[in-house]
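Encoded as structure tokens, the structure appears first; notes follow it.
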Amino acid sequence: MTWIHYAANILWCCMTWICSPVAKVFSMMLPLQGAQMLQMLEKSLRKSLPASLKVYGTVFHINHGNPFNLKAVVDKWPDFNTVVVCPQEQDMTDDLDHYTNTYQIYSKDLQNCQEFLGSPELINWKQHLQIQSSQPSLNETIQNLAAIKSFKVKHTQCILYMASETAKELAPFLLESKTSSPSGGKPKAINQEMFKLSSMDVNYAHLVNKFWYFGGNERSQRFIERCIQTFPTSCLLGPEGTPVCWNLMDHTGEMRMAGTLPEYRFQGLVTYVIYHHAQNLAKLGFPVYSHVDYSNEAMQKMSYQLQHVPIPRSWNQWNCVPL
Ligand SMILES: *[C@@H]1O[C@H](CO)[C@@H](O)[C@H](O)[C@H]1NC(C)=O
């Protein structure tokens, strides 16, 4: 950082300090502006993988065009303790839309994290919202905040997976103890006469919505439409020329929504789609990751077959509803 940036930073901090007397009691809130700060943040988060994976991935996409118009806020700079990534305030106008009202969090200090998240202007606890993090240790912090801020919380914990190409590049130490699967990381062949690899048309968002575990309502449908329109998707078109199997990314860059129509299951189609989708995303330089529920053995087997690296307990979502 040059001295000009440093001076600008100090000036900015002083202004925040003077202008927001309430916030200063708890901690400072610093929205990171400009490409240089955000690139520094990405580099710094990269050193804390895999604990920082969800925030790292989200910041990666902020730095590559920011298609979901998100912002990153830290408690101090450059030696931050806690990072929060979320939409701009003007994009969180629907109090019930927890798909949009989503906060990604990474923290090096849980005490600081609780104080920071509790500071008055950062999170609007009066809304239905989601908190997501690759750090299971945040559970206690969020349960404490639920008592202080009066909201109900539902915690979902899953296995986080990093694609092996991504792990090779970003966190090779995760691969050291790995034995590779007998498939060599490749899917079985599919009937190419019957199925065509394609990308998802937004007109089929309702199919994704119908089978998405977290979906099934109007707000999730809108969220899915936005995901289809924003990031690369992958699907197989069946004999009728319509999608029978698909995979989509969410706003954090996670491969988040995979599904197969019931009548086409148990043929390895989703493995094929996810494999090709992951290859395409890796070619674009995207970090590739996903999650699987502890009860979903079929998808765990699939992740093993494709040599995705499991990071237990590291996909966490807290759904918060004001009391
Ligand atoms: C999260 O915290 C709550 C409340 O303390 C507890 O009941 C729950 O078991 C915790 N979840 C996990 C996965 O540790």
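Whatever order the structure lists ligands and atoms in, that order sets their numbers, starting from 1. These figures come from a predicted structure and were not determined experimentally.
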Query raised in the report: Considering residues at least two apart in sequence or located in another chain, which fulfil the side chain to side chain contact (heavy atoms under 4.5 Å, CB included) criterion with Thr93?
Result: none

Query - Aromatic Tyr275 / basic Lys186 pairing, under 6.0 angstrom, 45° off normal - result: no

Query raised in the report: So, for Phe231 and Phe68, is the gap between ring centers shorter than 6.0 Å?
Result: yes

Query raised in the report: Picking from Gln104, Gln132, His251, His61, what satisfies side-chain contact (heavy atoms from CB on, under 4.5 Å) with Val85?
Result: Gln104

Report task. Identify whether the distance between the nearest side-chain nitrogen and carboxylate oxygen of Lys108 and Asp79 falls below 4.0 Å. Result -> no

Query raised in the report: Has Arg256 got its NZ or CZ under 6.0 Å from the middle of the six-membered ring of Tyr289, at an angle within 45 degrees of the ring axis?
Result: no

Query raised in the report: Name the residues with a heavy atom less than 4.0 Å from ligand 1?
Result: Asn139, Gln143, His155, Gln157

